[in-house]
Structures are given as structure tokens and as C-alpha cells.
Amino acid sequence: MKTKSIITLVAIAVFGMLAFSSFKSENNNAAAEGYAIGDLATDFKLLNVDGKMVSLSDYKSAKGFIVIFTCNTCPYAVASEDRIIALDQEFKDKGFPVIAINPNNPSVQPDDTYELMKEKAKDKGFTFPYLFDAKDKVYAKYGASKTPHVYLLQKEEAGNVVKYIGAIDDNVRSASLAKERFLANAINELLDGKPVSLKETKAIGCSIKV
Amino acid sequence: MKKIFILLLIGVLASCGDKKPEVASQEMSNTMEPINESVRLKSSARVPSLNFDELNTFLTKENDSTYIINFWATWCKPCIKELPAFEEVAAKYSEAKVKVILVSLDFPDKLESQVIPFIDKNEIKSQVILLDDADANRWIPKVSKEWSGAIPATIIYNGNTRKFYERSFTYEELEKELELIL
């Protein structure tokens with residue numbers, strides 16, 4: 001009798017858990033899957049604002065890449081432009097160039113046409129490639145959900161390994177008010193041969209328009 | 001025997017409860033404090049500017065109302081597109097104690113020049129709050145562990161029942177989700 005009751009109880013418990021776990025898996029968010037820390041990031045071949053195609057594999061001597069999904073007019077992206085230029089200047093010569101990618105589809109977000117990207121790059125004096133991703137959807141493979149959204153990659157034997165995902169720093173509005181430079185700290189740790197201590201942060205941003 | 005059964009059942013339910021996204025809200029309710037009136041007075045009477053800890057009191061109210069908290073900005077096109085749905089739900093469900101709060105993520109220097117004119121022009125009736133807190137990495141996970149940080153984003157909650165959505169809504173979709181919580 002006792003054994004039977006226990007079996008019944010266990011059955012009820014297991015059934016309950018299954019019922020609830022299936023309930024939990026009901027996904028009400030459209031968040032992309034994308035990369036986690038330690039994953040190998042895909043290379044790509046995207047059109048740059050200078051008319052040439054750019055791939056990560058073009059950078060033979062790079063130690064890694066600062067891949068930033070950004071766009072022309074999102075206020076968070078605009079507020080980050082000077083910081084992105086400064087990051088490129090600080091880290092390109094150390095082996096970590098910036099690769100900026102605009103993931104927005106201009107038919108949904110008319111401010112993000114290739115022509116306007118060229119203007120933006122010229123006006124701001126971008127020192128890094130600014131790539132048009134409307135067709136290839138590289139952003140989806142990475143799992144970028146907004147602009148700006150940073151992926152720090154380190155070139156290793158297996159390929160480009162994701163080392164940091166998130167925000168540039170802890171103040172999306174103003175570089176001078178930032179107390180912690182998440183991305184720069186992560187690159188400096190890699191340059192010192194150390195593991196990245198803060199691997200992921202949350203960045204506020206404009207949803208990618210596709 | 002019966003006692004064991006009940007205990008086991010409670011155990012099962014409680015363990016499921018832990019996995020729900022409400023974990024964040026439990027953390028938040030510890031810091032719940034009534035909003036400081038001087039904060040309101042400093043900012044626009046129409047749209048208070050609050051830091052996250054101040055805003056948090058609106059995300060963790062424990063009463064019999066259902067709150068729909070929508071994170072938006074005047075420059076965010078999908079946000080602007082879905083605002084009428086939130087306004088309509090607020091009007092239709094006001095007697096069911098549903099309150100809509102629109103949390104603007106516009107930059108604080110745009111409050112007078114963009115946010116308030118936008119509210120006037122579109123005759124927004126819901127309460128609007130400007131979140132003036134630049135350290136997004138600190139507060140995004142407190143809003144929801146599921147939030148990547150993109151807007152629009154919405155919370156619907158009633159007491160401890162809480163759902164988070166990183167997506168856009170039509171009126172029908174919003175009403176459907178609300179009905180699940182009411």
C-alpha cells in the first residue's frame with residue numbers, strides 16, 4: 001500500500017513538473033538565439049561604405065575584432081559614435097580593430113540606407129569599416145538585438161572566439177560620465193593574456209529594424 | 001499520508017515558481033519605498049524624471065490593480081506605432097483597474113523639446129515617466145532577466161504575477177496578454 005502511494009505521488013510530482021516545464025517553454029519573446037561567450041563567430045563578406053567588400057579574414061595580423069552593430073540615427077548609436085572612433089584609435093594598432101555593421105533594413109528604417117551610411121561615415125570621419133548587413137543578416141547569427149550592441153572577438157586557432165558581449169561602458173549617454181569601460185577593460189585583459197573578468201553586460205538600444 | 005501528498009505538491013509548485021521570471025521582482029520589492037515628492041517637484045509636473053530606484057516603485061506595486069509598463073522613446077518607430085494600442089487598452093480596461101505607465105527612455109535634455117510636445121500632440125492620457133538613469137547595465141536585468149535591452153519592451157503585472165515582453169503589440173495582441181493576467 002505504502003509503496004503504491006509513493007509511486008503515485010512520484011508520478012504526480014513528475015507529471016506536475018512536466019506540465020509546468022512545458023508551460024515555461026512557451027516563448028513570448030522574439031529574442032534571437034545568437035552567440036554565447038566562447039562560441040566561434042562566423043566570418044562574413046559585407047559591403048563597406050567605400051564600395052569594397054570586407055571580411056574578418058582580410059585582417060591577417062589582427063589579434064581580434066571589436067564588432068559593433070550600430071546604425072545611423074538611433075540616439076544611443078549616435079551618442080556612441082565618438083566612443084567607437086576612440087576605441088578604434090586606441091585598439092586598432094594593438095590588434096583589435098573596430099568593425100561596425102549596420103543591421104537595419106532601409107525599407108523598414110529609411111534613415112539607414114547605404115547612401116546615408118556613406119554620409120554618416122564621411123561626416124563623422126569613421127576610421128573603421130561601416131558595413132551594410134541588410135541582405136546577409138549577420139546580426140541574426142551573432143544574436144544582436146539592438147544598436148549599439150558589441151561583440152568582442154579574439155582570434156584563436158579554432159577561429160574568432162566571442163569573449164565579451166554587451167555595452168561599451170556604463171553610461172550610454174556620455175563617455176565622460178562613464179565610470180566603467182566594460183569593453184576597453186575586456187580588450188586590455190585579453191592583451192594582457194588574462195581571461196575577461198566581466199564577460200557580459202546589458203546594453204540599452206534601438207531594436208534592429210528588419 | 002495525506003500530509004506527505006500535500007507537502008510534495010507544494011514542493012512541486014514552489015520549485016516551479018522559483019523558475020518563473022518573478023525572481024527579479026522579488027529582489028526589487030525589498031527596495032520598495034514611497035516615491036519622494038521632492039523628486040517629482042524637481043522635474044516637469046507632467047512627466048516626472050526618475051532614476052531607476054525611483055521608477056522601481058511603479059514596477060513593484062502590491063495592490064489589486066494590473067499595471068502595464070511600456071518602455072518607449074519618441075524616436076523609436078515601433079514604439080510610437082504601438083502607443084495607440086496601449087492608450088486604447090487603458091481606456092477600455094480602466095474599470096478593471098488596469099493602469100498603463102509609459103516609461104520614456106528619451107534623453108533627459110529632450111524632455112521639454114520632444115517628449116512633452118509629443119504627448120500633447122498625440123493627446124497621450126496614460127501616465128508618462130522619463131527614466132533618467134544612464135547605467136542601463138545595472139537596471140535592465142532588474143526590469144527583467146529576459147530583457148536584452150532593446151525597446152519597445154513591456155511588463156504586465158498584477159501583484160506577483162508578472163510577464164515580460166521584448167516585442168511590439170497590436171491592440172488585439174496586447175488585449176490577449178492582458179486577459180491572461182486579469
Side-chain angles (χ1 to χ4, degrees), chain A residues 1-2 5-6 8-10 12-21 23-24 26-32 34 73-76 78-79 108-111 143-149 165-174 177-180 182 198 200-209, chain B residues 1-2 4-13 15-21 71 73-79 105-110 114 131-154 156 163-169 173 176-177 180:
Chain A
M1 170 63 203
K2 224 178 180 182
S5 304
I6 290 169
T8 314
L9 284 176
V10 169
I12 290 170
V14 167
F15 180 76
M17 280 175 196
L18 285 175
F20 271 87
S21 60
F23 193 74
K24 212 188 111 212
E26 182 193 331
N27 191 1
N28 45 36
N29 292 310
T73 55
C74 166
Y76 296 118
V78 172
V108 183
Q109 174 61 277
D111 296 324
S145 60
K146 61 204 166 268
T147 53
H149 201 163
I165 303 174
I168 293 173
D169 55 38
D170 67 356
N171 193 315
V172 71
R173 295 200 295 257
S174 160
L177 294 176
K179 292 184 205 80
E180 244 194 292
F182 303 135
L198 183 58
E200 278 188 87
T201 59
K202 293 284 183 176
I204 193 83
C206 305
S207 57
I208 288 173
K209 315 288 189 303
Chain B
M1 198 66 231
K2 237 182 188 173
I4 296 174
F5 174 76
I6 290 166
L7 279 176
L8 246 170
L9 201 67
I10 290 171
V12 169
L13 290 174
S15 71
C16 291
D18 286 346
K19 285 178 198 153
K20 282 189 171 177
F71 292 84
T74 57
W75 42 259
C76 163
K77 283 179 190 165
C79 305
L105 298 181
D106 285 87
F107 290 179
D109 61 353
K110 299 285 191 277
Q114 281 183 18
L131 175 56
D132 180 1
D133 200 323
D135 187 0
N137 176 53
R138 188 180 72 87
W139 52 259
I140 287 170
K142 293 186 183 177
V143 171
S144 170
K145 291 205 164 111
E146 298 168 57
W147 192 11
S148 85
I151 55 172
T154 300
I156 306 179
K163 284 188 109 181
F164 174 80
Y165 309 87
E166 183 171 326
R167 52 168 280 189
S168 297
F169 282 104
E173 289 164 348
K176 191 178 147 217
E177 292 299 327
L180 291 176

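Residue numbers start from 1 in every chain, and the chains themselves are labelled A, B, ... in the order their sequence lines are given, proteins ahead of strands. In this text the structure is predicted, and so the values were computed from the model without any measurement.
- To the nearest 0.5 Å, the span separating CH2 on W75(B) from OG1 on T73(A) amounts to 9.5 Å.
- Between chain B and the options A203(A), C74(A), P75(A), heavy-atom pairs under 4.5 Å are most frequent for P75(A).
- By the 4.5 Å heavy-atom criterion applied to side chains, I204(A) and F71(B) are not counted as neighbours.
- Counting only heavy atoms from C-beta outward, the side chains of K209(A) and P78(B) approach each other to under 4.5 Å.
- Heavy-atom distances place the side chain of A79(A), and not its backbone, under 4.5 Å from chain B.
- The parts of W147(B) that come within reach of chain A are both its backbone and its side chain, each placing non-hydrogen atoms under 4.5 angstrom from that chain.
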Legend entry - Derivation and outcome, side chain to side chain contact (heavy atoms under 4.5 Å, CB included), residues K77(B) and D111(A): CA-CA 12 Å; K77(B) 283 179 190 165; D111(A) 296 324; 3.9 Å; yes
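- For chain B, no part of A167(A) is nearby; none of its heavy atoms comes within less than 4.5 Å.
- Contacts between K179(A) and chain B at a heavy-atom distance below 4.5 Å are absent for every atom of the residue.
- Residue R173(A) is tested with D135(B), D133(B), D132(B) for a side chain to side chain contact (heavy atoms under 4.5 Å, CB included); the sole match is D132(B).
- Side-chain contact between S207(A) and E166(B) is absent, with no heavy atoms from C-beta onward closer than 4.5 Å.
- Across all non-hydrogen atoms, the minimal contact from K202(A) to P141(B) is CG-CG, 4.0 Å.
- In terms of heavy atoms, G149(B) sits closest to K146(A) at C-CD, 3.7 Å.
- The candidate with the highest count of non-hydrogen atom pairs below 4.5 Å against chain A, out of A136(B), A150(B), A134(B), is A134(B).
- With a threshold of 4.5 angstrom between heavy atoms, I151(B) approaches chain A through its backbone and through its side chain.
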